[in-house]
Structure formats: C-alpha cells, structure tokens
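What follows is a single structure, written as structure tokens, with notes after it.
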Amino acid sequence: MLKLRKKTLKIIMSKGITSRNEDYSQWYNELVTKADLAEHSSVRGCMVIKPYGYSIWEKMQAALDKMFKDTGHTNAYFPLFIPKSFFSKEASHVEGFATECAVVTHYRLKNDGSGNIIVDEEAKLEEELIVRPTSETIIWNTYRGWIQSYRDLPILVNQWANVVRWEMRTRLFLRTAEFLWQEGHTAHATSEEAIEEAEKMLHVYADFAENWLAVPVVRGVKTPNERFAGAIETYCIEALMQDGKALQAGTSHFLGQNFAKAFDVKFTSKEGKLDHVWATSWGVSTRLMGALIMAHSDDQGLVLPPKLAPIQVVIVPIYKSAEELNRISEVADALVKELKAMDISVKFDDRDTQRPGFKFAEYELKGVPVRVAMGARDLENGTAEIARRDTREKQTVNQEGLASYIENLLGEIQENIYQKALKFRNDSITKADTYEDFKKILDEKGGFVSAHWDGTPETEQRIKEETKATIRCIPLDNALEDGVCILTGQPSKQRVLFARAY
RNA sequence: CGGGGUGUAGCGUAGCCCGGUAUCGCGCCACAUUUGGGAUGUGGAGGUCGUAGGUUCGAAUCCUGCCACCCCGACCA
C-alpha cells in the first residue's frame with residue numbers, strides 16, 4: 001500500500017502535468033517547459049526556444065517560406081534599429097507602438113574605475129534608435145530609393161526577423177518581449193492590386209494554418225478598434241483554443257498610401273502621372289507555436305500534426321539481452337531506411353539507459369505522432385505494435401508493408417486532428433440575440449459568439465469593458481442578415497464574431 | 001504599470017510565525033538485478049536558502065531595497 005502511494009506520487013512529480021480542466025494556463029506553461037519547447041530566460045519577458053521547439057518553428061518557416069516564394073515573394077533583410085525620427089512620421093503608427101518600444105540611447109560602456117562596467121554617458125547617440133517592433137518605417141524609407149516608375153512595381157519582399165515589443169505581461173510563445181516572425185512588405189501601383197495582395201496573403205496564412213498546423217481558422221477583417229496602427233484594413237485569421245478563447249493567428253494589412261505619404265514614396269504611372277505607392281504588410285509569429293500547442297494537445301502532453309512534428313515516428317525496441325536488441329535492430333534499421341526514403345523523419349531509440357515504459361511516456365509528452373514498439377514476440381510473429389498519439393490507440397501490424405502503413409497513418413492523423421479541431425470550433429460558434437444570452441454564453445460555454453453589432457467603436461468598447469470580449473472579426477464570407485445590436489438595439493446588417501481572446 | 005502571491009540542490013517541497021548553518025521525494029552518479037506502459041535494491045555526489053544591504057554573538061527565518069516568475073487588471077501579435 002505504502003509502495004503504491006509512493007509510486008503514484010512519483011509519477012505525478014516526475015513527468016505528470018496539470019490537467020486542462022484543473023488549470024488551463026498552468027497546463028499550458030507546464031507543457032511548454034516539460035515538452036522541451038521553451039523556457040524562461042534570465043532576461044525579463046524573453047524566452048529561450050529550445051532545440052525541440054525550434055525544430056517545429058523551422059518546419060513552419062520552411063512551409064511558409066515556400067508558400068511565399070510560390071506567390072512571387074523574395075526574402076530580404078532590414079536593420080534591427082530604426083531611427084526615432086522615422087517612427088514619428090506616420091501618426092497612428094507611432095501612437096500604436098510608442099508605449100512598448102525599447103530604445104537604444106548609448107553606444108559604449110566603460111569601466112568606472114572601481115571595476116564596474118557602466119554606460120559611458122559621453123557616448124550618447126545623437127538620435128536614439130528604436131529596436132524594431134515592426135519594420136514598416138525603415139522599409140518604406142528604403143523603398144523610396146527603389147521606386148521611381150510603375151516599372152519598379154510591384155515590390156514583393158518578405159523578411160524573417162526578430163522584433164521587440166516591451167510587453168507588461170508575457171507568456172511563453174503567446175506574448176514575449178522579443179519574438180520571431182516574418183513580415184511581408186509589398187508596394188503596388190494601384191489600390192486594387194494592394195488589396196488583392198493583402199487578401200491573397202491572408203488566404204496563404206489560412207491554408208497554412210489548416211493544412212499544416214491542422215488548426216481551422218475564421219478569415220475575416222478587423223473592426224477599426226482592432227486594426228493595425230497605420231492600416232486602412234486589417235485582415236486576420238482567428239483560431240479557437242480548447243479553453244474557448246480565441247487567438248489571432250495571423251494578420252495581413254492593406255496600408256493604403258499611408259506609409260508612402262509619410263515617407264514620400266512616389267512613382268510615375270504609365271500615363272505619366274505622379275502618385276503615391278500603395279502598400280501591404282503581413283505577418284505571423286512564433287505565436288503560432290502557442291496556437292499549435294493549445295489547439296491539439298491533451299493531458300498526456302503535446303499532440304503534434306505529423307507535418308510539423310520534428311520526429312514523426314519513433315521506434316522503441318523491447319529486449320532482454322544484447323543479442324535480442326541486435327535482432328530487433330536489424331528489423332528496425334531496415335524500417336528506418338525505408339521511412340527515410342519516403343521522407344519521413346524517424347528515430348530509433350535504442351538507448352539502454354531508459355526502459356520502454358519511460359520512453360513511451362516521454363514521446364507522448366513530446367507529441368510524436370506514431371510510435372512503433374518491437375520486441376521478441378514481434379520478431380517471432382513478424383509484427384510490430386503501432387501506437388498513434390492523437391487517439392492513443394494501439395494495434396499490432398505485420399512488418400510486411402509497415403512503412404507504407406505508417407505513411408498512410410501519418411496522413412490519417414494529420415486529417416483526424418484537423419477534423420477534431422474543426423468540430424470543436426464549429427460547435428463553439430454560438431448565436432446570441434440578447435445581451436443577457438451573450439454574457440451567459442461567454443461565461444458558461446466560451447468560444448465565438450455570433451451577434452449583431454451596431455458598427456460603432458463606442459459599442460464595441462463598452463462590450464469589451466463589460467464582458468472582456470472583443471470583436472475578433474467580421475468573417476469574409478459573412479451572410480447579410482437584418483437584426484438589432486445586442487447592446488444598443490440599433491439596426492444591424494450582419495452578425496460579427498465576439499470572443500474572449502489571448 | 002497597479003493589486004495579490006511565490007522564490008530553499010536539476011525539479012517539486014518542509015523548515016520561517018517563535019533566529020542556532022537545512023527536511024523529504026523525484027532526478028543525477030556507481031554497481032547489481034531488471035526491460036511488452038513512467039523498474040527495484042544498495043551505496044554515493046550535489047545547497048553563497050532569488051539578490052543586495054541592515055538588525056544580531058549568530059539570519060533560510062526579522063527589517064528594507066532590487067530582480068524574476070505566477071494569478072488578476074490596463075496594453076498588445
């Protein structure tokens with residue numbers, strides 16, 4: 001009895017994580033650190049992305065980068081530092097970012113004579129440099145030199161970079177002071193073309209979210225309140241997490257001529273007329289890691305979509321002697337070779353320092369989609385035990401044709417977790433026609449609430465203050481429907497999606 | 001940035017009220033027995049008690065500043 005209790009306790013303390021029901025945000029934090037994705041650094045608000053987590057990000061980058069290239073974009077790199085004066089050129093842009101900028105004021109340190117390193121006050125910068133919170137200003141200042149004629153357009157550039165936004169409250173991946181992202185910045189001859197670009201990239205993001213992350217998203221536009229600082233229109237993809245809170249997973253902005261005017265970027269058109277250039281910008285960040293984690297994972301740990309899993313298949317040998325391990329290894333090595341030829345990432349974990357049960361638990365925690373276990377019994381029968389992470393089902397399969405069986409299974413898992421998330425998302429969109437219902441749904445069910453809104457920022461603001469819910473978006477394919485605003489009773493032509501959000 | 005909480009070995013903690021140099025579990029190292037769902041036994045290593053001051057003969061413990069993290073607000077990808 002005592003032994004049993006000791007054992008239970010140990011499991012809880014060594015690897016067990018808080019359940020989602022118990023405390024969702026603690027579950028998230030523990031998952032991120034215990035699955036070796038990231039940890040807090042000694043710098044306030046900044047994280048260390050660990051190798052396993054970074055591998056996932058690299059896979060996201062590779063997939064997105066290809067999609068950008070396939071839509072005609074090329075990569076470039078702009079400076080980390082932005083002169084303060086650039087920043088103040090676009091009024092609403094400054095206003096949006098002013099409160100969260102890191103500023104470089106000096107360029108040298110010195111020894112104060114008693115062994116302390118201090119800032120050399122004499123090495124003060126003429127003009128302070130802002131650590132980029134986003135790069136529109138430095139990029140549009142640069143584009144001025146690149147653009148004279150309609151022949152120079154469009155410019156379709158993307159950059160992979162880090163940015164800094166001095167956040168008050170941070171959470172690993174979801175909101176950190178420094179984060180990694182990509183930002184596309186395009187320049188166009190016409191408004192129509194720029195809008196088309198902004199919409200195109202939104203759909204690229206949506207495709208990526210659904211086909212790679214296996215996270216269904218709502219495509220929509222933001223209300224003026226939620227719009228990017230300096231944008232005319234902000235398009236977004238909104239995802240739903242398992243706790244019923246929404247997460248903005250990507251944004252694409254039609255910037256109009258705002259930045260072209262602020263940085264005096266003009267071109268001569270075919271007709272010989274001088275006009276300001278039209279702009280877009282679009283970005284997704286390491287926040288997608290948060291979306292990925294919160295959309296699929298369970299109380300046993302991470303659940304990764306096969307397309308983004310650093311290790312797609314793990315093979316665990318079960319043996320009693322070195323001789324047995326040798327025989328298993330022969331079969332496993334052949335399988336590894338076969339899977340690699342199919343471009344499937346596989347790991348044969350023949351570590352002798354951990355027992356099989358430990359490995360099972362470890363790979364479940366890390367979200368490896370498929371696990372193959374092979375022991376003496378399997379060698380005799382020509383079989384292997386296959387366990388899938390998403391459903392935690394196990395079955396015994398013939399070694400004959402195993403590789404293609406696994407290949408199919410990976411596809412099935414990718415589809416299954418998407419369908420599961422899609423069902424949850426669809427079940428979590430609830431219509432509300434009164435303010436009472438609206439509040440009740442938010443408190444009891446969560447998710448998106450589809451409701452009529454009178455279209456004014458004041459109403460949106462009041463609802464936000466009273467319920468903590470914001471308008472996540474006005475869906476692009478929204479059906480028109482006459483109704484009255486849930487708060488004011490004013491007439492409304494369509495429902496919008498409200499939710500509490502990350 | 002405001003309110004609340006926490007900080008003791010790699011991790012989780014006891015001790016703090018009532019001052020006397022730190023408890024337990026996991027993990028780690030060695031050896032043996034084990035290996036189809038987080039092994040067991042024996043032996044061993046590991047701590048400037050977040051940090052800087054102060055009070056005191058003596059501080060993990062009392063006082064003050066600072067830092068970090070967690071929760072709740074305001075802000076945001």
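Quick note: numbers below take in every heavy atom, side chains included, and nothing from hydrogens, waters or symmetry partners. Numbers restart at 1 for each chain; the letters A, B, ... are given by sequence-line order, proteins then strands.
Of the side-chain N and O atoms in A:R44, one or more sit less than 4.0 angstrom from OP1 or OP2 of B:A68. Using a 4.0 Å cut-off, some side-chain N or O of A:R355 falls inside it from OP1 or OP2 of B:A39. Using a 4.0 Å cut-off, no side-chain N or O of A:N29 falls inside it from OP1 or OP2 of B:C69. Contact annotation: A:R169 reaches the phosphate of B:C72 (side-chain N/O to OP1 or OP2, under 4.0 Å). Regarding contacts with the backbone of B:C72, every side-chain N or O of A:K468 stays at 4.0 angstrom or more from both OP1 and OP2.
Taking CD of A:E226 as the start and CD1 of A:I471 as the end, the distance is 8.0 Å to the nearest 0.5 Å.
In the interface, the side chain of A:K394 is paired with the base of B:G37 through a donor and an acceptor atom under 3.5 Å apart. A donor-acceptor contact under 3.5 Å links the side chain of A:R175 to the base of B:C76.
The aromatic ring of A:F179 sits over the base of B:A77, with ring centres less than 5.5 Å apart and planes tilted by under 30°.
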Please list, for nucleotides 51-53 of chain B, all pairs of protein and nucleotide N/O atoms separated by less than 3.5 Å.
none

With Watson-Crick and G-U wobble geometry limited to distances under 3.5 Å, how should the secondary structure of RNA chain B be encoded in dot-bracket form, using | for bases paired to another strand and [ ] for crossing pairs? ((((((((.[[[..)....(...]]].((((((.....)))))).....[[[[[..)....]]]]])))))))....
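Scanning residues 284-297 of chain A for heavy-atom distances under 4.0 Å to RNA chain B yields A:S285, A:R287.
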